[in-house]
There are 2 protein chains.
Amino acid sequence: MSGHESAVSRLRAQGYRMTPQRLSVLDIVARRTGHVGADEVWNLAREEHPYVDLATIYRTLQWLKGLGVVTEVIIGNKLHFEMADHHNPHNHMVCSVCDGVQTLTPDYLAEFSQRLEQEFGFSPNLDNITIGGMCNQCRAVT
Amino acid sequence: MSGHESAVSRLRAQGYRMTPQRLSVLDIVARRTGHVGADEVWNLAREEHPYVDLATIYRTLQWLKGLGVVTEVIIGNKLHFEMADHHNPHNHMVCSVCDGVQTLTPDYLAEFSQRLEQEFGFSPNLDNITIGGMCNQCRAVT
DNA sequence: TCCGTTAATGCAAAAATTTGCGCCAGCAAA
DNA sequence: TTTGCTGGCGCAAATTTTTGCATTAACGGA
Ligand SMILES: [Mn+2]
Ligand SMILES: [Mn+2]
Ligand SMILES: [Zn+2]
Ligand SMILES: [Zn+2]
């Protein structure tokens with residue numbers, strides 16, 4: 001498989017029921033290098049389990065996101081996902097013109113995060129943040 | 001009125017047509033202290049113009065956002081808006097548990113923003129960013 | 001292996017937001 | 001004041017995501 005067996009057994013150990021639908025979603029996201037749209041996950045999942053519902057896909061993806069197993073990226077008003085890599089975590093910058101995605105180590109956000117915590121007692125969750133803006137190439141065109 | 005006449009004349013000067021619908025939306029957002037949901041804007045706008053369509057509300061709000069006249073905040077999976085105050089700009093932290101909103105001067109994001117620009121050539125637009133997380137009180141409950 | 005508990009699913013509908021298109025009205029020029 | 005251009009609107013439908021509810025099936029224990 002694609003190296004997500006550890007996630008599966010960890011989830012099962014936590015008492016979650018590992019249904020074929022969940023395994024399929026996990027498989028699809030793990031197999032993919034890069035970001036998958038929710039609808040894309042659905043279409044791929046249906047190849048294996050023709051009856052799976054889109055609501056299940058969304059619920060599963062949100063569930064995995066909450067557990068830190070997958071990461072969410074907003075690309076062009078649509079939710080995308082990818083496997084969270086805890087050995088090599090990263091955040092995303094998405095260009096609103098070309099929908100291009102650049103990555104960022106969380107170091108860039110560390111100081112900001114700490115200040116929110118210290119000065120406001122607010123615990124930000126920046127794992128799934130998407131930074132919008134304009135990329136180098138698109139700006140050059142203007 | 002609520003001090004948005006300057007915005008109106010600036011927009012008209014830029015060649016945009018100031019329709020009753022647009023004036024109404026501007027009025028509603030400017031009159032409100034705090035954040036208004038898109039649906040709320042619609043309901044208030046309909047009191048004056050019963051025929052206005054929700055699509056117009058969304059289009060107008062996005063248009064004003066793009067021009068920097070209003071600011072967007074995501075509260076509980078729904079879009080909210082407020083007048084952008086260029087004399088006193090701020091960003092938002094929203095608690096995912098209680099939907100409470102705290103504000104933040106852009107200073108907190110300035111260094112982060114500059115680094116993205118300098119090191120990646122990426123021009124982030126952080127005016128409308130919403131920082132998710134958990135507030136002080138909600139964390140205390142846990 | 002069978003059973004019972006209850007978490008998770010399918011299904012249907014709702015909610016939230018965006019989009020295509022033909023008509024209408026804002027506003028500048030005559 | 002009238003006219004013409006075209007940007008903005010209403011309307012309808014599509015898209016995207018979420019939610020409620022009855023049924024099903026995962027899985028630990030008998
Ligand atoms: Mn990524
Ligand atoms: Mn605010
Ligand atoms: Zn770009
Ligand atoms: Zn809270």
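All values below were derived from every heavy atom in this structure, side-chain atoms included, with hydrogens, water molecules and symmetry-related copies excluded. Letters A, B, ... are given to chains in the order of the sequence lines, protein chains preceding strands, and every chain is numbered from 1. These figures come from a predicted structure and were not determined experimentally.
Contact check of residues 54-64 of chain A against DNA chain C (heavy atom, cut-off under 4.0 Å) returns A/A55, A/T56, A/R59.
If you take CZ of B/R46 and C1' of D/dC9, they are 16 Å apart, rounded to a whole angstrom. Here the P atom of nucleotide C/dA14 and the CG atom of A/D53 are 16 Å apart, to the nearest Å. Atom NZ of A/K78 is separated from atom P of C/dT18 by 14 Å (rounded to the nearest Å). Distance, A/L26 CG to C/dA8 P: 14 Å, rounded to whole Å. Between A/L23 atom CG and C/dA8 atom P there is a gap of 13 Å when expressed in whole angstrom units. Taking atom NE2 on B/H49 and atom C1' on C/dA25, their separation rounds to 14 Å, with Å as the unit. Regarding A/K65, its NZ atom lies at a distance of 11 Å from the P atom of D/dT17, rounded to whole Å. The nearest whole Å value for the distance from the CZ atom in A/R17 to the C1' atom in C/dG4 is 10 Å.
Atoms NE2 and CE, from A/H4 and A/M83 in turn, are 6.0 Å apart once rounded to the nearest 0.5 Å. The structure places CG of A/L104 at 6.0 Å from CG of A/L109, a figure rounded to the nearest 0.5 Å.
Of the candidates C/dG26, D/dG10, C/dC27, the closest approach to any side-chain atom of B/V52 belongs to D/dG10.
Atom CD of A/E117 has more than 12 neighbouring heavy atoms from other residues, nucleotides or ligands inside a 6.0 Å radius.
Checked against the 6.0 Å centroid threshold, A/W42 and A/Y58 do not count as a close aromatic pair.
Note on residues 90-124 of chain A: pairs passing ring-ring contact (aromatic ring centres under 6.0 Å, His included), not counting sequence neighbours, are A/H35-A/H92, A/H90-A/H92, A/Y108-B/F120, A/F120-B/Y108.
Distances shown here put a side-chain N or O of A/Q21 below 4.0 Å from the OP1 or OP2 atom of C/dG10. For D/dA26, neither phosphate oxygen OP1 nor OP2 lies less than 4.0 angstrom from any side-chain nitrogen or oxygen of A/T19. Distances shorter than 4.0 Å separate none of the side-chain N or O atoms of B/N77 from OP1 or OP2 on C/dA16.
Residues A/C135 and A/C98 approach most closely at SG-SG, 3.9 Å, considering heavy atoms.
Side-chain atoms of B/R139 come within 3.5 Å of backbone N or O of A/G121 as a donor-acceptor pair.
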